[in-house]
Amino acid sequence: MSSASPQVYVNGEFVAKEEARVSVYDHGFLYGDGVFEGIRAYNGRVFRLDEHVDRLYRSAKAIMLALPHPPEEMRELVLETCRRNNLANGYIRVVVSRGAGDLGIDPRNCHGAPTVIVIADKLTMYPRTMYENGMAVITTATRRNSPQALDPGIKSLNYLNNILAKIEVNRAAQAGGEVPVGEGIMLNLDGYVAEATGDNIFIVQRGTLLTPPTHVGILEGITRNTVMELAQQLLVPCEEKVFTMTSVYGADEVFLTGTGAEVIPVVRVDDRTIGDGKPGPVTRRLIEAFRGLVNSQGVEIQLGEPALR
């Protein structure tokens, strides 16, 4: 990536990071009224770009937010933002809000076009040692939002539920421990395992991979789906199944998945050791397969001369 200031796409133009601004009346800022996607680039390719763009448009349609670009243009904006920043490996954030309105909540008062932002930069979710040795996680007191109130399939700008749980994780991490705490498992209102604050969760029981189904209140993660596909290729049985924390405590292996986190092992949950306290064989196989996949597949960025002027 270039040492110059990152270039950010904001409403039709590329500007330096320091000049990237939105209105204080923007309803994304005032109310979290909007949607977003987090995407990864590896070796000059954007991984699962079409799937991320499709999910962005599904989320926007669900909240009746008409995007000003067709999907193929949004796809090109992602690639162009990577080119402008000479980003071969990194993280891309696409944000679309309802746009500027007044101080009221009524979306009809956002009379202009939606705000569209694309950022391409570096992101380090966890230290390398956690990928090698595994992390500890806690169960958070904060429960996952009910799907009856807000569909978790909408990747919206409303992340306060996750942030409150992440604050619990941070407090647990400050307390220290033999294994560093890096994440928190959120339960749904019925007490079943839903997901982590920013990742999906998998457990391994007697060689079978288990992950919560979407109806318990999770975001259907693109990395989650990729791992399920890889499990099928590796002949690892995989099921979507509802389970409680007792199943997590007794699991042979636990790991988390996410665009930012990728695939990361969990070796301790609520002060209980998982398996033998080391990343397990199924987890290691899936990590290896995932890394091979992301480094060989994706939409080529074609770094070089920017295509858009």
Less than 4.5 Å apart, side chain to side chain, heavy atoms only: is that true for [X] and [Y]?
X	Y	answer
Val35	Lys155	no
Arg284	Leu286	no
Leu209	Glu239	no
Met186	Arg143	no
Arg48	Gln297	yes
Leu293	Phe47	yes
Tyr31	Asn158	no

(message) Please determine whether the number of non-hydrogen atoms from other residues, nucleotides or ligands lying under 6.0 Å from atom CD of Glu18 exceeds 12.
(response) yes
(message) Check this for me: Gln232, atom CD, are more than 12 non-hydrogen atoms of other residues, nucleotides or ligands nearer than 6.0 Å?
(response) no
(request) Show your working on side chain to side chain contact (heavy atoms under 4.5 Å, CB included) between Arg45 and Val299 and close with a plain yes or no. (result) CA-CA 5 Å; Arg45 300 181 183 91; Val299 178; over 6 Å; no
Would you say [X]'s side chain and [Y]'s backbone share a donor-acceptor pair under 3.5 angstrom?
X	Y	answer
Gln205	Leu210	no
Arg75	Asp50	no
Asn11	Val116	yes

(message) Connecting only ILVMFWY residues whose side-chain heavy atoms lie within less than 4.5 Å of each other, what is the rest of Ile138's hydrophobic cluster?
(response)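 Noted: Ile138 shares its cluster with Val169, Val181.
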(request) On the 0 to 90° scale, with breaks at 30° and 60°, tag the Tyr42-Phe290 ring pair as parallel, tilted or perpendicular. (result) perpendicular
(request) For side chain to side chain donor-acceptor pair (under 3.5 Å), just list the numbers for Ser97 and Asp26, CA-CA rounded to whole Å, side-chain angles, deciding distance to a tenth of an Å, and then say yes or no. (result) CA-CA 7 Å; Ser97 81; Asp26 191 290; 2.6 Å; yes
Value rounded to 0.5 Å, distance of [atom1] in [X] from [atom2] in [Y]:
X	Y	atom1	atom2	result
Asp106	His27	CG	NE2	8.5 Å
Thr214	Glu240	OG1	CD	6.5 Å
Tyr91	Ile119	OH	CD1	9.0 Å
Glu195	Arg224	CD	CZ	9.5 Å

Shared hydrophobic cluster for [X] and [Y] (ILVMFWY, side-chain gaps under 4.5 Å):
X	Y	value
Phe243	Ile274	yes
Ile105	Val22	no
Leu65	Tyr9	yes

(request) Not counting sequence neighbours, which residues clear side chain to side chain donor-acceptor pair (under 3.5 Å) with Arg21? List them please. (result)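 Arg21 satisfies side chain to side chain donor-acceptor pair (under 3.5 Å) with Glu19 once adjacent residues are dropped.
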(request) Show your working on side chain to side chain contact (heavy atoms under 4.5 Å, CB included) between Glu37 and Arg93 and close with a plain yes or no. (result) CA-CA 6 Å; Glu37 278 294 321; Arg93 172 63 59 90; over 6 Å; no
(request) Under the side chain to side chain contact (heavy atoms under 4.5 Å, CB included) rule, what do Ile63 and Asp33 come out as? Steps first, then yes or no, please. (result) CA-CA 9 Å; Ile63 67 170; Asp33 185 3; 4.1 Å; yes
(request) Would you mind listing every side-chain hydrogen bond (donor to acceptor under 3.5 Å, both in side chains) that reaches into residues 242-252, with sequence neighbours excluded? (result) Tyr249-Asp270
(request) Decide side chain to side chain donor-acceptor pair (under 3.5 Å) for Glu253 and Thr283; before the verdict, give the C-alpha distance in whole Å, the side-chain angles of both, and the deciding distance to 0.1 Å. (result) CA-CA 7 Å; Glu253 303 177 39; Thr283 302; 2.7 Å; yes
(request) Let me see the working for Thr223 and Glu262 under side chain to side chain donor-acceptor pair (under 3.5 Å), right down to the final yes or no. (result) CA-CA 7 Å; Thr223 306; Glu262 301 174 303; over 6 Å; no
(request) State whether Tyr131 and Arg128 meet the cation-pi test: NZ (Lys) or CZ (Arg) under 6.0 Å from the six-membered ring centroid, and within 45° of the perpendicular axis. (result)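 Yes.
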(request) Please step through side chain to side chain donor-acceptor pair (under 3.5 Å) for the pair Arg40 and Thr259, ending with a clear verdict. (result) CA-CA 7 Å; Arg40 287 292 285 262; Thr259 297; over 6 Å; no
(request) Would you please test Lys278 and Asn133 for side chain to side chain contact (heavy atoms under 4.5 Å, CB included) and show each step? (result) CA-CA 6 Å; Lys278 300 176 182 178; Asn133 304 322; over 6 Å; no
